[in-house]
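As structure tokens, the structure follows; a few thoughts come after it.
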Amino acid sequence: MSDVIETDVVIIGAGPVGLFAVFELGLFDMKCHLVDILDRPGGQCTELYPEKPIYDIPAWPSILAQDLVDKLLEQIEPFKPTYSFNRMIAGIEQLEDGRFRLSTDDQEVIEAKVVVIAAGGGSFQPKRPPIPGIEAFENESVFYSVRRMEAFRGEDVLIVGGGDSALDWTLNLQPLARSLTLVHRRPEFRAAPDSVNKMYALQEMKKLDFEVGQVTALKGDGGKLQSATVKGPNGEVEVPCTRLLPFFGLTMKLGPISDWGLELKDNLVVVDTEKFETTRPGIFAIGDINWYPGKLKLILSGFHEAALMAQAAKRIVSPGERVVFQYTTSSTNLQKKLGVA
Amino acid sequence: MTKLTYIAFDGTRFDVDASDGSTVMENAIRNDVPGIDAECGGACACATCHVYVDEAWTDVVGEPEAMEEDMLDFAYDVRPNSRLSCQIKVRPELDGLTVSVPERQG
């Protein structure tokens with residue numbers, strides 16, 4: 001078994017609310033480990049709208065989403081949180097001593113006294129394109145990411161999309177594939193111009209095909225893909241293919257958390273408004289992922305929830321210890337933790 | 001107030017009064033028009049408020065900007081009259097605008 005990461009609190013989701021929870025928990029000397037399916041902290045702020053201004057963060061008349069994340073990272077720096085990126089929590093079990101053992105999809109094991117779900121809209125997962133019957137070909141002929149390039153050697157590869165993933169894999173797989181076709185809805189791309197130019201150059205040399213259009217149907221048998229119908233401005237064409245890589249961006253799904261036996265309401269985790277604890281003691285939920293009467297999906301509500309959750313988490317992490325409420329403005333003790341006194 | 005009409009995928013018609021400056025997406029959500037998900041809340045960061053603008057209105061409504069075109073790549077069954085409703089601001093010239101909701105969002 002791989003090394004076990006031991007921590008006081010494991011936070012699922014490194015968005016703004018998960019990050020601020022590190023601060024509130026840190027003030028009470030709790031060590032945090034964050035797990036996120038993305039490759040960096042920031043959640044939706046970083047992934048969806050880094051350059052959009054947010055106008056309802058207290059004391060910030062306007063702040064860009066990425067700047068908010070950067071400020072939060074600076075604020076929690078004294079508490080030295082640790083991270084597992086590109087990971088999704090796959091399983092959870094409760095140990096005899098009351099602690100939780102969580103495993104990620106990469107077999108990483110984390111043991112913590114408290115679990116905080118701060119997963120926002122859920123985990124980001126590749127969007128399944130709306131092509132009828134695509135499920136039947138998944139993991140056999142249809143893949144949403146390239147784990148091993150060798151799996152595409154000698155195959156007739158069809159890539160759909162117009163962003164960097166689509167263009168990068170077009171360029172990387174072209175030398176290996178028997179044939180490669182790129183399909184995109186329009187001749188303009190979102191990808192880096194350099195990649196687009198390279199793609200067009202390969203098309204000139206007849207080393208790949210580029211079709212403008214949308215995939216409307218798949219043909220094949222027993223999970224093995226044979227061809228795809230591409231509907232373009234000049235009608236339909238049938239593109240022979242044995243591998244399909246659709247890049248349609250990311251969507252958010254609640255994921256495995258839905259199997260943890262927590263009370264849910266419309267795919268949100270039900271919590272109380274004193275501790276923001278779920279129906280399983282020791283597991284908390286804060287931010288957009290939770291529900292309680294009057295819930296507003298605002299970052300500032302998540303911050304408030306993090307502060308109250310931390311009080312309750314402390315009682316679990318350090319049972320019997322008195323939880324003293326202090327202000328960062330006047331408490332030397334807190335200021336020491338923040339490295340300012 | 002500007003009058004907007006939404007045609008849901010099942011054909012149900014929703015006539016709403018919209019205030020100028022609000023978006024076509026916001027009015028759909030406020031009036032419970034089915035089929036508009038607006039996952040990102042209007043940041044032009046998903047493609048789940050996709051609508052078809054009635055052909056008679058496409059010129060008045062106008063073309064999507066580059067960022068919206070990029071997001072439309074993620075929508076389902078994109079047509080020349082496709083728009084993301086969060087990017088259409090209600091204004092007096094749009095009085096009577098009709099949009100239809102696609103079979104599903106991306």
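So that the names make sense, note that chain A is the first sequence line, chain B the second, and so on, each numbered from 1. All heavy atoms count here, side chains included; hydrogens, waters and symmetry mates do not.
- Crowding of B:Arg13 atom CZ: a count of heavy atoms from other residues, nucleotides or ligands under 6.0 Å not exceeding 12.
- Contact detail for A:Phe247 and B:Phe74: the closest heavy-atom pair is O-CE2, 4.2 Å.
- Not counting sequence neighbours, B:Asp95 has no partner by the side-chain hydrogen bond (donor to acceptor under 3.5 Å, both in side chains) test.
- Closest non-hydrogen pair, B:Cys40 versus A:Leu48, comes out as CB-CD1, 4.4 Å.
- By the ring-ring contact (aromatic ring centres under 6.0 Å, His included) test, A:Phe85 is found to be paired with A:Tyr83, residues two or more places apart in sequence or in another chain being considered.
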Compile the donor-acceptor pairs, distance criterion under 3.5 Å only, formed between chain B and chain A.
unit_1  : atom_1 : unit_2   : atom_2 : d
B:Ala43 : O      : A:Lys52  : NZ     : 2.8
B:Glu69 : O      : A:Arg185 : NH2    : 2.9
B:Glu69 : O      : A:Arg186 : NH2    : 3.4
B:Glu69 : OE1    : A:Arg185 : NH2    : 2.8
B:Asp70 : OD1    : A:Arg186 : NH2    : 2.7
B:Asp73 : OD1    : A:Arg185 : NE     : 2.9
B:Asp73 : OD1    : A:Arg185 : NH2    : 3.1
B:Asp73 : OD1    : A:Arg186 : NE     : 2.9
B:Asp73 : OD2    : A:His184 : NE2    : 3.3
B:Asp73 : OD2    : A:Arg186 : NH2    : 3.0
B:Asp73 : OD2    : A:Arg190 : NH1    : 2.4
B:Val78 : N      : A:Gln214 : OE1    : 3.2
B:Val78 : O      : A:Gln214 : NE2    : 3.0

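- Looking at residues two or more places apart in sequence or on another chain, you find a ring-ring contact (aromatic ring centres under 6.0 Å, His included) between A:Phe20 and A:Phe23, A:Phe303.
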